[in-house]
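Both backbone and side-chain heavy atoms feed into the values below; hydrogens, waters and symmetry mates do not.
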Amino acid sequence: MSSLFRIDIEVSTNEDFREAIVLRETAENSGGGHDPIDLTGHSFRQHIRRSVESLSEFQLDADNGRLTVLGDPVDGVLAWHVEDEDLRALGAGTYVHDIVWIFPDGAEVQFAIGSVTITQGITR
């Protein structure tokens with residue numbers, strides 16, 4: 001991977017965060033198409049922090065079920081599932097995050113960065 005993707009997330013404390021994206025080959029890597037990347041054997045890890053310097057983090061990965069390869073890995077779907085109680089525990093505010101892609105051979109590559117904005121939900 002040669003470039004970082006920007007993923008900004010906005011969510012409220014009174015909802016579950018459920019989102020999914022399809023990771024696709026670039027045109028030059030797939031002979032002109034945009035085929036899904038086969039994620040068999042791949043995993044992902046994401047940390048959310050108040051600031052880059054903060055030691056406290058909220059982790060998302062397959063082990064805790066918050067960031068997983070969804071369905072058949074050949075479809076290339078990366079999915080988030082964070083419960084509303086986790087978002088309330090984090091608290092309203094703006095955070096930073098990055099996502100590390102872990103390849104089957106153990107290589108780790110930071111592929112996305114961005115912000116997470118958690119707003120205080122009105123309906124409680």
Rounded to the nearest 0.5 Å, how far does [atom2] of [Y] lie from [atom1] of [X]?
X: Leu60; Y: Phe44; atom1: CG; atom2: CZ; result: 13.0 Å
X: Phe111; Y: Ile7; atom1: CZ; atom2: CD1; result: 5.0 Å
X: Ser51; Y: Tyr95; atom1: OG; atom2: OH; result: 11.0 Å
X: Arg6; Y: Ile113; atom1: CZ; atom2: CD1; result: 5.5 Å
X: Asp84; Y: Ser12; atom1: CG; atom2: OG; result: 9.5 Å
X: Arg50; Y: Leu90; atom1: CZ; atom2: CG; result: 7.5 Å

Using a distance-only test with no angle check, is there a side-chain donor-acceptor pair under 3.5 angstrom linking Arg49 and His47?
yes
Checking Gln110 against Trp101: is there a side-chain donor and acceptor pair closer than 3.5 Å?
no
Does one hydrophobic cluster hold both [X] and [Y], with members joined at side-chain heavy-atom distances below 4.5 Å?
X: Ile9; Y: Ile118; result: yes
X: Phe5; Y: Val100; result: no
X: Val74; Y: Val22; result: no
X: Leu4; Y: Ile102; result: no
X: Phe103; Y: Leu23; result: yes

Any sub-3.5 Å donor-acceptor pair from [X]'s side-chain atoms to [Y]'s backbone N or O?
X: Thr68; Y: Leu70; answer: no
X: Asp75; Y: Val77; answer: no
X: Asn14; Y: Arg124; answer: no
X: Asp8; Y: Ser115; answer: yes
X: Arg24; Y: Asp35; answer: no

Min side-chain heavy-atom separation Arg18-Val11 under 4.5 Å:
no
Test log, rule side-chain contact (heavy atoms from CB on, under 4.5 Å), inputs Glu83 and Phe17
CA-CA 6 Å; Glu83 298 289 335; Phe17 177 65; over 6 Å; no
For [X] and [Y], which heavy atoms make the closest approach, and how far apart are they?
X: Asp61; Y: Arg45; value: CB-CA, 4.4 Å
X: Pro36; Y: Gly76; value: CB-N, 4.2 Å
X: Val82; Y: Arg66; value: CG2-CB, 4.3 Å
X: His42; Y: Val69; value: O-CG2, 3.9 Å

Sequence neighbours excluded, which residues qualify as salt bridge (Lys or Arg N to Asp or Glu O under 4.0 Å) partners of Glu19?
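Glu19 satisfies salt bridge (Lys or Arg N to Asp or Glu O under 4.0 Å) with no other residue.
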Test Thr13 against every option in Arg88, Glu85, Gln120 by the side chain to side chain donor-acceptor pair (under 3.5 Å) rule and name the one that passes.
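Result for side chain to side chain donor-acceptor pair (under 3.5 Å) with Thr13: Gln120.
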In chain order, what residues pass the ring pair (Phe, Tyr, Trp, His ring centres under 6.0 Å) check against Phe58, with sequence neighbours excluded?
none
Report the C-alpha distance between Val116 and Thr94 in whole Å, list the side-chain angles of each, state the deciding distance to 0.1 Å, and finish with yes or no for side-chain contact (heavy atoms from CB on, under 4.5 Å).
CA-CA 6 Å; Val116 176; Thr94 301; over 6 Å; no
Would the number of heavy atoms belonging to other residues, nucleotides or ligands and lying under 6.0 Å from CD of Glu10 be above 12?
no
